[in-house]
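Below is one structure, written out as structure tokens; comments come after it.
Below, chain A is the first sequence line, B the second, and so on; all start at residue 1. Just so we're clear, the structure is a prediction, and the values are computed from it rather than from any experiment.
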2 protein chains.
Amino acid sequence: MKKTIYDIAKHAGVSIATVSRVINNTGRMSDETRKRILRIMEEFDYLPNMHASALTGKKTNSIGVIVPDVSNPFFGEIVKFIQLFAEEQGYTVIIGSTDYHPEKEANYFSLLKQKSVDGLIMATSVDSDESLERLQEIVDDNVPLAMLTHDRMPFPMDVVTIDDSMGGYIATNHLLELGHKDIVFVTGSQTMTSFRDRIKGARQSLEHNGVEFHESQIIKSHFSIEGAKEDIGQYLETHLPTAIFAVNDVFACATIQAARKRGVKVPEDLSVVGFDNTVLAEVTDPPLTTISQPKADMGKQIVRMLVEAIEGKKTSKSKIILSPELIIRQSTVKPEAQV
Amino acid sequence: MKKTIYDIAKHAGVSIATVSRVINNTGRMSDETRKRILRIMEEFDYLPNMHASALTGKKTNSIGVIVPDVSNPFFGEIVKFIQLFAEEQGYTVIIGSTDYHPEKEANYFSLLKQKSVDGLIMATSVDSDESLERLQEIVDDNVPLAMLTHDRMPFPMDVVTIDDSMGGYIATNHLLELGHKDIVFVTGSQTMTSFRDRIKGARQSLEHNGVEFHESQIIKSHFSIEGAKEDIGQYLETHLPTAIFAVNDVFACATIQAARKRGVKVPEDLSVVGFDNTVLAEVTDPPLTTISQPKADMGKQIVRMLVEAIEGKKTSKSKIILSPELIIRQSTVKPEAQV
DNA sequence: CTGTTAGCGCGTTCAG
DNA sequence: CTGAACGCGCTAACAG
């Protein structure tokens with residue numbers, strides 16, 4: 001019961017070439033036959049076989065997206081937007097979640113190459129030799145690349161990020177303006193350039209405002225909420241600042257919980273700022289003051305650039321840096337208001 | 001610089017048929033040549049062209065997964081697990097997020113059919129005529145189907161759900177045991193069979209414990225957190241129960257926030273139970289007592305069943321009902337403890 | 001055990 | 001404007 005282009009041609013009383021032309025909108029033909037063929041295709045629920053056309057070297061109309069973890073709300077939302085815009089452009093999306101495993105990342109590159117995607121969006125920090133090697137192969141195939149969130153460019157590619165440094169800057173500025181002097185920073189893996197930049201921006205803010213900074217003001221933690229709670233809790237035992245800036249909402253949540261566990265109230269005793277403006281920021285108590293990334297816009301821009309590159313409308317690479325935004329909720333108050 | 005099976009054959013000094021055999025592990029041949037060919041494939045980074053093999057009617061080693069919303073933490077986690085197990089079995093996953101649009105759902109069915117996936121997992125309530133029609137087509141192609149979370153079976157297929165009814169039952173029992181009598185229920189779209197069942201279980205618990213139930217104890221709300229907050233808040237103005245059971249964590253979060261906005265403290269003034277045990281339950285304040293769905297297990301089971309069906313190791317359809325579990329955190333206390 | 005050959009469904013010439 | 005014929009990379013008979 002499979003419909004092929006031959007079936008359509010036969011029922012329309014034309015040759016497959018003619019049908020092919022209406023499918024691809026190429027060549028010229030009488031408007032009448034075109035319409036008739038379209039009607040027949042409709043009637044037969046005919047869909048061209050992707051594999052056959054991909055085999056002859058045409059586009060697959062699919063793009064690959066690699067993120068560290070789909071179950072992380074931030075990436076979940078990003079993926080959703082990418083998918084949304086990609087579909088608007090007629091592309092389907094193949095998602096890969098690496099769980100922060102370079103090995104899995106490398107596997108995805110192979111896989112996506114095998115599936116011959118037309119383009120690739122990466123939101124992971126492609127680091128390992130293995131990954132780089134695999135990526136090289138797909139670069140050799142002239143598959144357009146686009147990088148999201150990260151700013152490393154082992155190969156020429158389009159990039160969309162936010163100004164992480166500025167994000168860190170305005171977050172810290174906000175605390176400074178409220179009157180906080182004793183601020184501590186929570187960050188994760190230093191291989192994440194975005195985290196580093198956020199901290200960098202924070203330090204710049206401190207500097208510009210004439211506030212001193214010591215390495216001891218930084219808490220380095222891990223990815224899991226549990227681990228972070230532990231790490232932050234221990235730190236708080238030794239020193240209790242009036243404010244904490246965490247490089248993402250997950251850490252900020254962990255901070256709130258670690259603090260509360262020790263009888264430290266947020267925001268009364270401790271102000272907290274997060275980063276990403278995920279759902280988490282909305283549901284915690286108190287709702288989190290955080291730095292918002294324009295996820296929808298990021299998704300839109302990166303898809304736009306990638307599709308343009310795929311369709312050859314754009315040959316040079318570019319980099320778009322979007323602005324983060326401070327979202328003030330209730331986790332930050334003036335220190336005077338603190339007990 | 002594309003490697004084809006011909007290149008490998010040439011360099012190995014054999015015919016393509018032989019290479020094809022080692023790729024597919026069919027036929028017999030000298031161990032030596034097999035190894036030699038494998039070595040050459042390795043050396044050349046040769047990957048068989050999927051489209052070519054799919055074209056000849058072989059499996060594509062891919063399965064489609066359709067969920068309502070990837071950015072919802074519950075589905076994000078489910079998808080993650082499905083992907084994990086599917087990859088272990090050698091299948092790649094194509095994810096579709098419908099945003100609760102039947103239209104998008106229908107589109108995904110077409111798309112997945114076109115991509116000739118080997119099987120399909122659905123976590124949406126396939127309702128619309130359009131969807132059903134498209135689904136019919138893929139059923140006609142003998143593509144195995146599996147349904148997750150939902151229990152509607154328009155066609156024969158494997159099913160994995162939790163016992164939603166039991167979930168509602170134990171959640172309500174928990175509240176009853178704590179001594180609550182005045183319990184209100186928050187639910188969403190009634191087309192979601194899972195929500196209905198949870199409420200059904202709750203009513204059974206009430207009944208078994210000789211507590212009366214009135215329709216007025218149910219708050220029907222919408223999907224967005226914002227909308228839910230509004231709806232619940234309004235209800236609370238008219239009547240303040242001692243406990244609320246929400247059919248998912250999102251509603252539970254909304255409940256907590258709506259309550260707090262009106263000066264009602266959780267759990268002191270109001271106990272709250274959620275459902276799903278998503279990250280949200282961990283980060284809210286107070287951490288949410290909720291009903292946990294064994295997401296990893298659900299993902300594992302459904303992938304297992306689907307793969308068995310795909311590989312023909314299983315012809316009959318089955319239904320697996322997993323048990324929900326009560327996770328007691330801090331959003332529920334005895335009413336006596338309440339002010 | 002291995003090589004040969006005919007498709008798979010479609011895009012693309014190239015003559016009509 | 002149309003139709004026949006070839007090739008894409010691979011699998012599956014069928015020969016050897």
TODO: Check every atom of C:dC1, C:dG7, C:dC10 against the side chain of B:Thr56 and return the nucleotide holding the closest atom.
DONE: C:dG7

Open item on the list: From the set C:dT12, C:dG3, C:dG9, return the single nucleotide nearest to any side-chain atom of B:Ala17.
Closed with: C:dG3

Could you tell me the separation between the [atom1] atom of [X] and the [atom2] atom of [N], rounded to a whole number of Å?
| X | N | atom1 | atom2 | value |
| --- | --- | --- | --- | --- |
| A:Asp7 | C:dG9 | CG | P | 9 Å |
| B:Asn25 | C:dC1 | CG | C1' | 15 Å |
| A:Tyr6 | C:dC10 | OH | P | 8 Å |
| A:Met50 | C:dC10 | CE | P | 12 Å |
| A:Lys3 | C:dC8 | NZ | P | 17 Å |
| B:Glu32 | C:dC1 | CD | P | 12 Å |
| A:Asn24 | C:dG9 | CG | C1' | 13 Å |
| A:Lys59 | C:dC10 | NZ | C1' | 17 Å |

Open item on the list: With a strict under 4.0 Å distance from non-hydrogen atoms of chain B, what nucleotide opens and what nucleotide closes the contacted stretch of DNA chain D, reading 5' to 3'?
Closed with: D:dG9 to D:dA13

When you look at [atom1] of [X], are more than 12 heavy atoms from neighbouring residues, nucleotides or ligands closer to it than 6.0 Å?
| X | atom1 | result |
| --- | --- | --- |
| B:Glu43 | CD | yes |
| A:Glu311 | CD | yes |
| B:Asp129 | CG | no |

Task: Distance test, side-chain N/O of A:Tyr46 to OP1/OP2 of C:dC10, below 4.0 Å - done: yes

TODO: Determine the contact category for A:Ile5: base if any of its heavy atoms lies under 4.0 Å from a base atom, sugar-phosphate if only primed atoms, P, OP1 or OP2 are that close, otherwise nothing.
DONE: sugar-phosphate

- [ ] Under 4.0 Å between any heavy atoms, over every strand shown, what does B:Thr26 touch: base, sugar-phosphate, or nothing? Just pick one.
- [x] nothing

Task: Which residue lies more 5' along DNA chain C, comparing A:Ser20 with B:Ile16 via nearest heavy atoms - done: B:Ile16

Open item on the list: With a 4.0 Å cut-off on N to O distance, would you call B:Glu137 and B:Arg134 a salt bridge?
Closed with: yes

Open item on the list: If only side-chain N and O atoms count, and only distance matters, is there a donor-acceptor pair under 3.5 Å linking B:Glu103 with B:Asn107?
Closed with: no

TODO: Verify the distance criterion only: is there a donor paired with an acceptor across the side chains of A:Ser97 and B:Gln83 at less than 3.5 Å?
DONE: no

Task: Test log, rule side chain to side chain contact (heavy atoms under 4.5 Å, CB included), inputs B:Ile94 and A:Thr92 - done: CA-CA 9 Å; B:Ile94 298 177; A:Thr92 53; over 6 Å; no

Open item on the list: When you measure only distances, ignoring hydrogens and angles, does the side chain of A:Arg21 come within 3.5 Å of the base of C:dG11 through a donor and an acceptor?
Closed with: no

